[in-house]
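Everything below concerns the one structure shown next.
Only a predicted model underlies this, so the values are computations on that prediction, with no experimental measurement involved. Whatever order the structure lists them in is the order used to number ligands and atoms, beginning at 1.
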Amino acid sequence: MTSSAIARSAPSTMLAPPPSHWPAAQPWALFLDLDGTLCAYRDDPAEVALTPAQRALLRRLQQRLHGALCVLSGRSAADLARIFGDLQIAHVGEHGAAAAAADVLFLAQLARVEAALRTLSTDFPGTWVERKPSSCVLHYRRVPQLAECLAARLPGLDASLDRLRRLDGVCVFEFAARGSDKGSALRAQMQTAPFRGRVAVAVGDDVTDEDAFAAARALGGFGVAVGGRASVQAGFHLADTAAVQRWLQQLAGDSDALD
Ligand SMILES: O=P(O)(O)OC[C@H]1O[C@H](O[C@H]2O[C@H](CO)[C@@H](O)[C@H](O)[C@H]2O)[C@H](O)[C@@H](O)[C@@H]1O
């Protein structure tokens with residue numbers, strides 16, 4: 001990776017670029033975010049897909065890591081199944097909250113929030129609602145100027161919505177299960193083979209990835225923040241999805257692909 005790629009959009013914290021080689025004595029367990037990290041953002045989430053080159057790269061990384069590669073995403077299991085297809089890589093969806101789908105009180109509260117978001121979306125053309133099994137999202141990527149206006153009209157979280165928390169993501173307001181996040185998902189993975197005993201490295205661009213960075217740090221690993229958002233928990237930085245791709249190529253030992 002070139003230093004100019006790092007400098008172009010470095011966040012105010014001026015984090016360093018991540019190491020470019022595996023420390024031989026300390027094998028890594030690698031946790032990757034999807035949107036904004038592996039894949040660039042698109043207006044329509046259904047347009048996001050892995051290229052054949054990315055699929056091959058992920059396979060090589062998985063081999064080098066002896067399977068200790070996991071995608072931590074906010075996407076639904078169905079979406080992840082579409083994106084990965086026959087690519088057999090460990091992945092956790094909905095920010096680690098899938099288990100909440102069995103909690104009837106949680107589902108009732110989520111249904112109330114979904115109804116409120118659908119009303120809001122009708123009132124503000126250009127926004128749309130994505131319902132996932134354990135969360136509900138108001139998207140405003142096509143009308144980013146409405147962010148503040150929408151935020152002021154979102155359902156308030158009080159005792160009657162105590163099973164939910166609000167995540168202000170990239171052009172989204174998401175209501176998800178309280179008590180589970182990418183940090184708890186990372187910790188759970190790290191307790192199982194082939195992740196156990198390795199150094200946790202989490203890579204992501206969004207506010208939801210901060211939980212994974214913090215969990216990785218607490219376990220003796222580190223986080224890599226992607227893009228221009230200033231990170232609280234990450235120790236390292238990559239400029240954008242292209243820089244992530246080059247870094248992963250380095251890690252996979254794919255020297256032909258380096259620029
Ligand atoms: O944790 P991630 O894998 O980054 O998933 C987070 C959310 O990703 C999707 O929304 C984001 O990507 C969309 C497509 O590029 C973009 O249009 C949207 O503005 C982004 O927020 C997905 O739709 C959400 O359900 C995920 O929570």
Side-chain angles (χ1 to χ4, degrees), residues 30-51 54 58 69-84 87 89-98 100-101 110 113-114 117-118 121 124 126-147 150-151 154 164-178 180-186 189 202-216 223-229 231 233-234 238 240-242 244-245 248:
L30 189 57
F31 295 86
L32 301 174
D33 170 51
L34 183 60
D35 292 276
T37 298
L38 272 178
C39 301
Y41 286 110
R42 306 288 295 265
D43 279 354
D44 181 353
E47 290 173 0
V48 170
L50 294 171
T51 64
Q54 284 177 310
L58 289 172
L69 173 66
C70 179
V71 172
L72 293 181
S73 175
R75 286 193 177 242
S76 67
D79 245 359
L80 292 174
R82 171 187 68 77
I83 290 168
F84 289 118
L87 188 59
I89 282 186
H91 53 269
V92 177
E94 297 201 52
H95 314 289
L110 191 60
V113 165
E114 179 185 1
L117 294 185
R118 291 202 183 281
S121 180
F124 291 93
T127 66
W128 65 281
V129 174
E130 176 189 12
R131 174 63 203 262
K132 296 181 276 187
S134 307
S135 56
C136 194
V137 185
L138 180 69
H139 285 260
Y140 60 90
R141 177 167 291 276
R142 293 191 181 95
V143 283
Q145 70 278 11
L146 293 183
L150 292 168
L154 290 172
L164 303 180
R165 67 193 175 110
R166 189 180 119 193
L167 306 169
D168 294 1
V170 179
C171 296
V172 290
F173 295 111
E174 178 157 9
F175 290 84
R178 189 182 289 275
S180 53
D181 55 41
K182 289 191 180 185
S184 54
L186 185 149
Q189 289 291 92
V203 190
D205 74 302
D206 203 351
V207 66
T208 59
D209 299 304
E210 292 291 326
D211 296 314
F213 300 157
V224 181
V226 178
R229 190 185 63 80
S231 172
Q233 298 288 347
L238 288 166
D240 50 28
T241 54
V244 171
Q245 178 90 0
L248 294 179

Side-chain heavy-atom pair Val170, Asp35 within 4.5 angstrom cut-off = no
Checking Arg166 side chain against Leu154 main chain: does a donor-acceptor pair fall under 3.5 Å?
-> no
protein heavy-atom neighbour closest to atom 23 (O) of ligand 1 works out as Glu130 OE1, 2.9 Å
Do me a favour and list the nearest non-hydrogen protein atom to atom 3 (O) of ligand 1 with residue, atom name and distance?
-> Ser73 OG, 2.7 Å
Taking N or O atoms only and a 3.5 Å limit, does Val170 qualify as a polar contact for ligand 1?
-> yes
Taking only non-hydrogen atoms of Lys132 and a 4.0 Å limit, the atoms of ligand 1 in range are 24 (C), 25 (O), 26 (C), 27 (O)
Heavy-atom check, side chain of Leu58 versus side chain of Leu32, under 4.5 Å = yes
What part of Asp43, side chain, backbone, both or neither, has a heavy atom within less than 4.0 angstrom of ligand 1?
-> backbone
Run down the list Lys182, Arg42, Arg131 and name the one with the heavy atom closest to atom 1 (O) of ligand 1.
-> Lys182
If only atom types and distance count, is the side chain of Glu210 paired as donor or acceptor with the main-chain N or O of Gln233 below 3.5 Å?
-> yes
In the protein, which heavy atom is nearest to atom 10 (O) of ligand 1, and how far is it?
-> His139 CE1, 3.8 Å
Phe173, Trp128, Phe124 screened by ring pair (Phe, Tyr, Trp, His ring centres under 6.0 Å) with Tyr140, the one that passes = Phe173
Per-residue contact class, Val48 against ligand 1 - non-hydrogen pairs under 4.0 Å | side chain
For Asp181 and Arg165, which heavy atoms make the closest approach, and how far apart are they?
-> CB-NH2, 3.3 Å
Atom 19 (O) of ligand 1: nearest protein contact (heavy atom, Å) | Arg141 NE, 2.8 Å
Atom 11 (C) of ligand 1 sits nearest the protein heavy atom Tyr41 CE2, 3.7 Å
Would you say the side-chain atoms of Glu94 pair up with the backbone N or O of Ser134, donor to acceptor, closer than 3.5 Å?
-> yes
Counting from 1 in the order shown, the ligand 1 atoms closer than 4.0 Å to a non-hydrogen atom of Glu174 are 27 (O)
Near Cys171, which atoms of ligand 1 are under 4.0 Å from a heavy atom of that residue?
-> 19 (O)
If you measure from each heavy atom of Glu47 to ligand 1, is any distance below 4.0 Å?
-> no
For atom 5 (O) of ligand 1, the closest protein heavy atom turns out to be Gly74 N, 3.3 Å
Passes side chain to side chain contact (heavy atoms under 4.5 Å, CB included), Val226 versus Asp33? Steps please.
-> CA-CA 10 Å; Val226 178; Asp33 170 51; over 6 Å; no
Test log, rule side chain to side chain contact (heavy atoms under 4.5 Å, CB included), inputs Leu248 and Leu38 | CA-CA 10 Å; Leu248 294 179; Leu38 272 178; 3.8 Å; yes
List the steps and the verdict of side chain to side chain contact (heavy atoms under 4.5 Å, CB included) for Val92 and Lys182.
-> CA-CA 8 Å; Val92 177; Lys182 289 191 180 185; over 6 Å; no
Which of the atoms of ligand 1 are close to Asp33, meaning less than 4.0 Å from one of its heavy atoms?
-> 1 (O), 2 (P), 3 (O), 4 (O)
shortest atom 12 (O) of ligand 1-to-protein heavy-atom contact is with Asp35 OD1, 3.3 Å
Are any side-chain N or O atoms of Lys132 and backbone N or O atoms of Gly74, one a donor and one an acceptor, separated by less than 3.5 Å?
-> yes
Go through ligand 1 atom by atom and flag the ones less than 4.0 Å from a non-hydrogen atom of Val172.
-> 21 (O)
